[in-house]
K.L.:
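I am attaching a structure below and will ask some questions about it afterwards.
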Amino acid sequence: MLNKTLTEQSQALAKGEVSSLELTQAYIQRINQLEPQVNAFISQTPEQALAQAKAADERRAKGDAHALTGIPLAHKDIFCTQGVRTSCGSKMLDNFIAPYNATVIERFNAVGAVSLGKTNLDEFAMGSSTESSFYGPTRNPWQLDRVPGGSSGGAAAAIAANFAAGATGTDTGGSIRQPAAFCGISGIKPTYGRVSRWGMIAYGSSLDQGGPMAKSCSDLALMLEVMASFDAKDSTSVDQPVPAYSQGLTQSIKGLRIGLPKEYFGEGLDPRIADQVQAAVKTLETQGAIIKEISLPLTHLAIPAYYIIAPAEASTNLSRYDGVKFGHRCDNPKDLQDLYLRTRQQGFGTEVKRRILIGTYALSAGYYDAYYRKAQQLRRMIKNDFAAALQEVDVIAGPATPNLPWTLGAKSQDPVAMYLEDLYTIAVNLAGLPGMSVPCGFVDGLPVGLQLIGNYFQEQQLLTLGHQYQLQSDWHLQQPELSTSGGN
Ligand code: GLN
């Protein structure tokens with residue numbers, strides 16, 4: 001049952017073929033056996049999961065079940081969970097027990113989903129490999145010496161390793177789509193404002209967006225129906241009705257116009273990835289989609305703009321970790337200055353410190369116009385680029401990543417090389433558009449992702465397109481072989 005999709009598990013629960021308690025126990029057993037090889041979790045909550053599973057079975061017996069009632073999920077350790085440590089992958093929050101639930105968690109609780117625990121991530125979601133976590137790196141279940149991507153690498157690895165049926169992630173510059181691609185699963189970053197950010201620890205507030213990760217697009221649709229909502233507690237939440245995504249998956253894709261940006265297939269892309277993506281696009285074409293080449297001329301400026309804006313926002317967001325209110329606090333501070341300095345020196349890792357420095361510099365009075373304002377101007381131009389392209393086509397398709405998952409440690413000493421890995425995902429956050437990655441093949445035994453980018457609030461179109469593709473392909477159903485003996 002654990003190798004089934006969330007959708008199939010939901011059907012099996014509805015038919016009484018399995019109980020949530022059985023399913024949850026099976027996941028806990030598998031996690032116990034294989035988690036030491038993968039390190040997908042920061043915290044596991046098996047007792048809570050079993051209690052939720054029992055409650056879910058009782059709810060179902062009363063005839064009051066939702067599609068996700070009793071489904072075992074895992075949550076990125078960036079979503080506050082009441083009574084459970086919420087670390088954000090940082091020593092700074094190693095001792096932080098959240099006193100409340102994020103809206104996303106509340107919504108899953110309300111439908112009776114089960115939570116198996118909190119998944120690993122790059123510290124404060126800054127990274128593309130999950131290697132900057134205070135809790136050690138997560139390993140890619142397809143090849144254990146490879147990174148799973150990041151920052152939601154724990155979530156992606158958990159799905160690929162069959163440690164959970166679905167997982168939550170967040171995406172500031174690619175953190176749902178890139179690990180989904182690296183681990184051979186599906187993941188969608190919704191339109192900015194679609195999913196509440198309340199209780200989701202802030203990194204770059206104007207870019208951060210939560211979304212679901214799972215095996216199939218049908219699974220994503222079921223999860224997004226629950227995650228997406230208007231939330232008065234998040235001032236950037238958008239008050240638009242949430243479509244019944246799972247009901248719309250069978251719509252025809254005939255006549256849908258798909259644009260391939262020529263800049264996404266140029267220099268920097270591994271040609272073997274290009275081949276897989278082109279083959280996937282061909283499949284969509286045979287299903288009736290109309291393919292045309294388009295241009296997103298400012299693609300090369302997305303990473304430079306992002307690495308001013310995201311650190312600027314991070315530097316202000318992370319100023320709250322001062323040793324006074326919550327989180328790590330240094331021993332015996334001499335005075336207030338010493339408290340701030342040593343708390344932050346001890347609590348933050350190298351990458352987080354680097355970003356705070358860049359952000360503070362870019363926002364300082366002397367450099368604001370040269371860097372921050374310029375980056376914001378670029379952001380607007382990049383958004384306009386997409387707007388123009390989306391006049392010509394309905395959906396933009398391309399690779400999710402330029403390269404295959406790299407070996408652990410290979411890029412740790414070279415932050416810029418790591419930043420460049422987000423070439424195709426970052427602009428989507430700058431524009432606030434929805435983007436999705438679905439498995440579209442393998443190169444050397446490692447998964448490859450097809451990225452689909454849509455217009456604002458057109459998540460349905462992406463999910464439908466992805467679902468139709470998954471009816472014609474089985475990449476998303478492939479499973480890595482993890483053995484209990486410790487090998488790959
Ligand atoms: N890799 C990008 C960064 O390091 C994006 C991370 C994310 O989406 N959270 O900022």
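Start at 1 with the first residue, then count along the sequence. Order of appearance sets the numbers: ligands from 1, and atoms from 1 within every ligand.
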K.L.:
Distance under 4.0 Å to a non-hydrogen atom of Ser151: what atoms of ligand 1 satisfy this?
P.N.:
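Every atom of ligand 1 under 4.0 Å from some heavy atom of Ser151: 9 (N).
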K.L.:
Got the closest protein heavy atom to atom 2 (C) of ligand 1, with its distance?
P.N.:
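I find the closest protein heavy atom is Asp422 OD2, 3.2 Å.
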K.L.:
Looking only at protein heavy atoms, which one is nearest to atom 6 (C) of ligand 1, and what is the separation?
P.N.:
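For atom 6 (C) of ligand 1, the nearest protein heavy atom is Ser175 OG, 2.9 Å.
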K.L.:
Would you say Arg177's side chain and Thr425's backbone share a donor-acceptor pair under 3.5 angstrom?
P.N.:
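Such a contact is found between Arg177 side chain and Thr425 backbone.
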K.L.:
Side chain or backbone, does Tyr307 bring an N or O within less than 3.5 Å of an N or O on ligand 1?
P.N.:
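Yes, since at least one N or O of Tyr307 sits under 3.5 Å from an N or O of ligand 1.
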K.L.:
If you measure from each heavy atom of Gly174 to ligand 1, is any distance below 4.0 Å?
P.N.:
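Judged by the 4.0 Å heavy-atom criterion, Gly174 does count as contacting ligand 1.
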K.L.:
What about Asp171: any of its N or O atoms under 3.5 Å from an N or O on ligand 1?
P.N.:
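No: no nitrogen or oxygen of Asp171 is under 3.5 Å from one in ligand 1.
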K.L.:
Would one find an N or O of Ile426, backbone or side chain, under 3.5 Å from an N or O of ligand 1?
P.N.:
no
K.L.:
Which of the numbered atoms in ligand 1 are under 4.0 angstrom from any heavy atom belonging to Ala125?
P.N.:
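Close to Ala125: 6 (C), 7 (C), 9 (N).
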K.L.:
Using a 4.0 Å cutoff against the non-hydrogen atoms of Gly127, which atoms of ligand 1 qualify?
P.N.:
1 (N), 2 (C), 3 (C), 4 (O), 6 (C)
K.L.:
For the ring pair Trp475 and Tyr469, is the centre-to-centre distance below 6.0 Å?
P.N.:
no
K.L.:
Backbone N or O of Ala431 within a donor-acceptor pair of the Arg380 side chain at under 3.5 Å?
P.N.:
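Pair absent, no side-chain N/O of Arg380 close to backbone of Ala431.
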K.L.:
Counting each atom of ligand 1 from 1 as listed, which ones have a heavy atom of Gly173 under 4.0 Å away?
P.N.:
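Result: 5 (C), 7 (C), 8 (O).
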K.L.:
So does Asp171 pair up with Lys189, basic N to acidic O under 4.0 Å?
P.N.:
no
K.L.:
Has the side chain of Ser90 got a donor or acceptor atom that lies under 3.5 Å from a matching backbone atom of Glu123?
P.N.:
no
K.L.:
Give me the nearest non-hydrogen protein atom to atom 5 (C) of ligand 1 as residue plus atom name, then the distance to 0.1 Å.
P.N.:
Tyr306 OH, 3.3 Å
K.L.:
Is any side-chain heavy atom of Gln461 closer than 4.5 Å to one of Asp394?
P.N.:
yes
K.L.:
At a 4.0 Å cut-off, with the gap strictly under it, does some heavy atom of Arg355 reach an atom of ligand 1?
P.N.:
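Per 4.0 Å heavy-atom rule, Arg355 contacts ligand 1.
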K.L.:
Whether the side chain of Gln468 engages the backbone of Leu249 through a donor-acceptor N/O pair (distance < 3.5 Å, no angle test) should be reported.
P.N.:
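Yes; judged by distance alone, with no hydrogens or angles, the pair exists.
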K.L.:
Answer with yes or no after comparing the ring centroid distance for Tyr321 and Phe124 against a 6.0 Å cut-off, counting only values under it.
P.N.:
yes
